[in-house]
Asks: 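Before I ask anything, let me first share the structure, which is written out below as structure tokens.
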Amino acid sequence: METIYFDNNATTKVDPEVLEAMLPFFKDSYGNPSSMHHKGGEVATALRKARQSLADLLGCEPIEIIYTSCGTESDNTALWSALRTQPNKRHLITSKVEHSAIINNATFLKHQGYRVTEIGVDRGGLIDMDQLVDSMTPDTALVSLLWANNETGVLFPVEKIADLCHEKGIVFHTDAVQAIGKIPINLKDTNIDMLSLAGHKIHAPKGIGALFVRRKLKFAPFMIGGHQENGRRGGTENVPYIIGLGVAAELAQKRLPEENTRVRALRDRLEEGLLTIPSSMVNGDRVQRLPNTTNISFEYVEGESILFHLSHAGICASSGSACTSGSLEPSHVLRAMGVPFTAAHGSIRLSLSVENTDAEVDRALKIFPEVIEKLRNLSPFWKDGAPALESGLLSCDGNSCQICN
Ligand SMILES: *Cc1c(COP(=O)(O)O)cnc(C)c1O
């Protein structure tokens with residue numbers, strides 16, 4: 001049975017071209033780029049080229065890129081630096097739908113005595129701009145917001161928000177891990193101060209990330225050590241992975257049109273097909289959204305049961321609920337959007353890439369209705385092809401129904 005991989009927002013397959021480009025740096029080109037001899041020099045040259053490729057994808061200067069170990073480190077570095085360089089400011093703004101790399105940091109900072117404002121979103125997952133603007137104060141050190149939501153693909157208008165922050169002298173950081181390679185980005189035309197990305201979401205390996213830091217922005221290193229990355233991140237460079245990320249950036253740039261035509265059309269066809277299943281709905285605005293992602297709910301079934309059956313049929317997806325201590329807790333993103341519990345429990349994220357094909361979508365559209373029907377036939381909340389409304393599930397507040405308890 002062939003695998004259908006629809007979980008590209010979790011991680012992507014390393015592209016063979018990326019792997020091929022990395023291999024010499026595990027073999028003959030083993031020098032330390034800081035060394036004064038020729039073995040170091042050849043590696044330093046290759047690193048410069050890789051940095052230029054990533055800068056070209058982002059529309060920035062090579063000097064504005066700091067390599068890190070992952071998207072999470074980039075996010076940590078951005079928050080740390082913004083607060084360290086403005087010690088008199090004690091407030092930061094983020095949103096209710098951020099990645100855990102930001103959310104859990106914000107929680108930590110609250111315990112450290114910072115004031116944190118988490119901006120809400122509407123039913124479509126779009127940010128409340130009024131609340132955002134009203135929250136900005138002279139004490140605000142940083143606004144940090146996702147560019148594209150990893151669960152729904154919904155986009156925040158970060159360029160516009162960066163302008164607002166710039167006017168008020170507030171540093172603006174965006175976690176763009178999911179946006180890179182899926183939408184055009186040209187940092188030099190924006191007021192974005194810092195931007196995080198991760199290699200493994202764009203067909204480079206896991207364990208390499210980068211942080212864009214605008215030239216002249218005050219910066220405090222998170223990893224204190226040697227002179228690497230212009231003294232902004234100590235530690236000998238992860239040479240093979242940086243090389244891999246460079247090639248992945250070149251491929252991402254080349255494939256950007258395909259992401260927004262062929263991949264978008266595949267996603268749309270998959271989504272339209274799935275919406276013909278009764279009691280299904282898309283979570284998140286369908287316009288302000290990445291071309292590769294759909295988050296879709298099938299009411300009265302559990303996301304994790306769907307995943308299990310899909311996986312059995314060879315389909316890899318992910319769910320918007322996490323099973324914690326026996327009760328199913330819907331994702332913080334869907335909760336912030338006010339998705340009803342009956343729908344949030346049965347949510348599935350499908351995220352495509354240029355690797356996916358029409359034939360895969362055809363097969364998925366055959367398997368999905370069978371899986372959903374099978375599960376609903378087992379559900380006490382579903383009778384004769386329709387919801388059993390007398391169950392009272394629709395009015396559940398997240399604590400009182402039979403699924404929640
Ligand atoms: C995957 C992801 C991260 C974390 O990246 P890692 O490289 O796994 O640390 C951060 N933010 C978003 C939006 C992501 O999707």
Side-chain angles (χ1 to χ4, degrees), residues 5-14 18 54 58 65-80 94-108 118-119 121 125 127 142-156 158 161 172-183 185 192 194-212 222-223 233 235 238 240-242 244-245 248-249 252 259 283-284 288-295 316-320 322 331-334 336-337 349-353:
Y5 191 73
F6 284 159
D7 202 14
N8 287 279
N9 288 10
T11 198
T12 58
K13 179 177 152 190
V14 173
V18 169
L54 185 56
L58 301 178
I65 289 169
I66 300 173
Y67 288 109
T68 64
S69 66
C70 57
T72 301
E73 186 190 325
S74 300
D75 284 346
N76 273 268
T77 304
L79 263 56
W80 170 267
T94 178
S95 84
K96 289 190 194 298
V97 298
E98 297 298 306
H99 188 271
S100 51
I102 295 291
I103 294 243
N104 291 339
N105 247 302
T107 305
F108 170 78
E118 287 164 341
I119 308 297
V121 295
I127 194 150
L142 172 78
V143 173
S144 176
L145 294 169
L146 279 169
W147 196 323
N149 189 282
N150 44 300
E151 291 189 26
T152 59
V154 170
L155 300 167
F156 283 164
V158 293
I161 295 168
F172 180 71
H173 164 255
T174 183
D175 177 333
V177 171
Q178 293 294 348
I180 302 295
K182 296 172 191 159
I183 57 170
I185 289 178
I192 293 168
M194 292 190 276
L195 173 146
S196 298
L197 65 92
H200 72 105
K201 307 284 172 80
I202 60 163
H203 304 281
K206 297 153 191 65
I208 183 73
L211 178 67
F212 158 84
F222 184 63
M223 190 79 92
R233 201 263 188 187
N238 186 353
Y241 284 57
I242 293 173
L245 181 52
E259 278 282 347
N283 297 310
Q288 299 300 319
R289 189 168 56 150
L290 291 175
N292 79 315
T293 308
T294 178
N295 187 307
C316 303
S318 71
S319 84
S331 91
H332 67 286
V333 176
L334 299 185
M337 289 162 61
R349 177 188 71 187
L350 300 159
S351 46
L352 281 61
S353 83

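Whatever order the structure lists ligands and atoms in, that order sets their numbers, starting from 1.
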Asks: Among protein heavy atoms, which sits nearest to atom 7 (O) of ligand 1, and what does the distance come to when rounded to 0.1 Å?
Replies: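 Going atom by atom, the protein heavy atom closest to atom 7 (O) of ligand 1 ends up being G71 N, 2.9 Å.
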Asks: What protein heavy atom lies closest to atom 11 (N) of ligand 1? Include the residue and the distance to one decimal.
Replies: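 Going atom by atom, the protein heavy atom closest to atom 11 (N) of ligand 1 ends up being D175 OD2, 2.6 Å.
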Asks: Answer with side chain, backbone, both or neither: which part of H200 has a heavy atom less than 4.0 angstrom from an atom of ligand 1?
Replies: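 Contact part for H200 vs ligand 1: side chain (C-beta onward).
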Asks: For a quick check under 3.5 Å, do N292 and N9 share a side-chain donor-acceptor pair by atom type?
Replies: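 Per modelled atom types, N292 and N9 side chains form a pair under 3.5 Å.
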Asks: Among all protein non-hydrogen atoms, which one is nearest to atom 9 (O) of ligand 1, and what is the separation to 0.1 Å?
Replies: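 For this ligand atom, the closest protein heavy atom is T72 OG1, 2.6 Å.
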Asks: Looking at side-chain heavy atoms only, is the closest gap between Q178 and T293 below 4.5 Å?
Replies: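 No - every pair of side-chain heavy atoms lies 4.5 Å or more apart.
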Asks: Any idea which part of L146 is under 4.0 Å from ligand 1, heavy-atom wise: side chain, backbone, both or neither?
Replies: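 The answer is the side chain.
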Asks: Quick one: which ligand 1 atoms are inside 4.0 Å of a heavy atom on N150?
Replies: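 So the atoms of ligand 1 that pass are 13 (C), 15 (O).
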Asks: Side chain to side chain contact (heavy atoms under 4.5 Å, CB included) with N295: which of V333, V154, T152, L350?
Replies: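 Answer after filtering V333, V154, T152, L350: T152.
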Asks: Do me a favour and list the nearest non-hydrogen protein atom to atom 12 (C) of ligand 1 with residue, atom name and distance?
Replies: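 Checked against all protein heavy atoms, atom 12 (C) of ligand 1 sits closest to H99 CD2, 3.4 Å.
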Asks: Yes or no on side chain to side chain contact (heavy atoms under 4.5 Å, CB included) for F172 and I161, after CA distance, side-chain angles and deciding distance?
Replies: CA-CA 8 Å; F172 180 71; I161 295 168; 3.7 Å; yes
Asks: Measuring only between side-chain heavy atoms, which start at C-beta, is K182 closer than 4.5 Å to I202?
Replies: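 Not touching, per the 4.5 Å side-chain cut-off.
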Asks: Nearest non-hydrogen contact with atom 15 (O) of ligand 1 belongs to which option: E151, Q178, E73?
Replies: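 It is Q178 that holds the nearest heavy atom.
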Asks: Determine whether the side chain, the backbone, both or neither of A101 has a heavy atom under 4.0 Å from any heavy atom of ligand 1.
Replies: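 A101 to ligand 1: no contact under 4.0 Å from either part.
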Asks: For a side chain to side chain contact (heavy atoms under 4.5 Å, CB included) with D175, tell me which candidate from N149, L197, L146, V158 qualifies.
Replies: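 Going through N149, L197, L146, V158 one by one, the side chain to side chain contact (heavy atoms under 4.5 Å, CB included) with D175 is satisfied by L146 alone.
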Asks: Kindly write out the residues that satisfy ring-ring contact (aromatic ring centres under 6.0 Å, His included) with F222, not counting sequence neighbours, or none if the list is empty.
Replies: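 F222 satisfies ring-ring contact (aromatic ring centres under 6.0 Å, His included) with W80 only.
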Asks: For ligand 1, which atoms have a heavy atom of C70 less than 4.0 angstrom away?
Replies: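 It comes down to these atoms of ligand 1: 6 (P), 7 (O), 9 (O).
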Asks: Begin from the C-alpha positions of S196 and H173 and carry the test side chain to side chain contact (heavy atoms under 4.5 Å, CB included) through to its verdict.
Replies: CA-CA 8 Å; S196 298; H173 164 255; 2.8 Å; yes
Asks: Specify the protein heavy atom at minimum distance from atom 14 (C) of ligand 1: its residue, its atom name, and the distance to 0.1 Å.
Replies: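 That would be K201 NZ, 3.0 Å.
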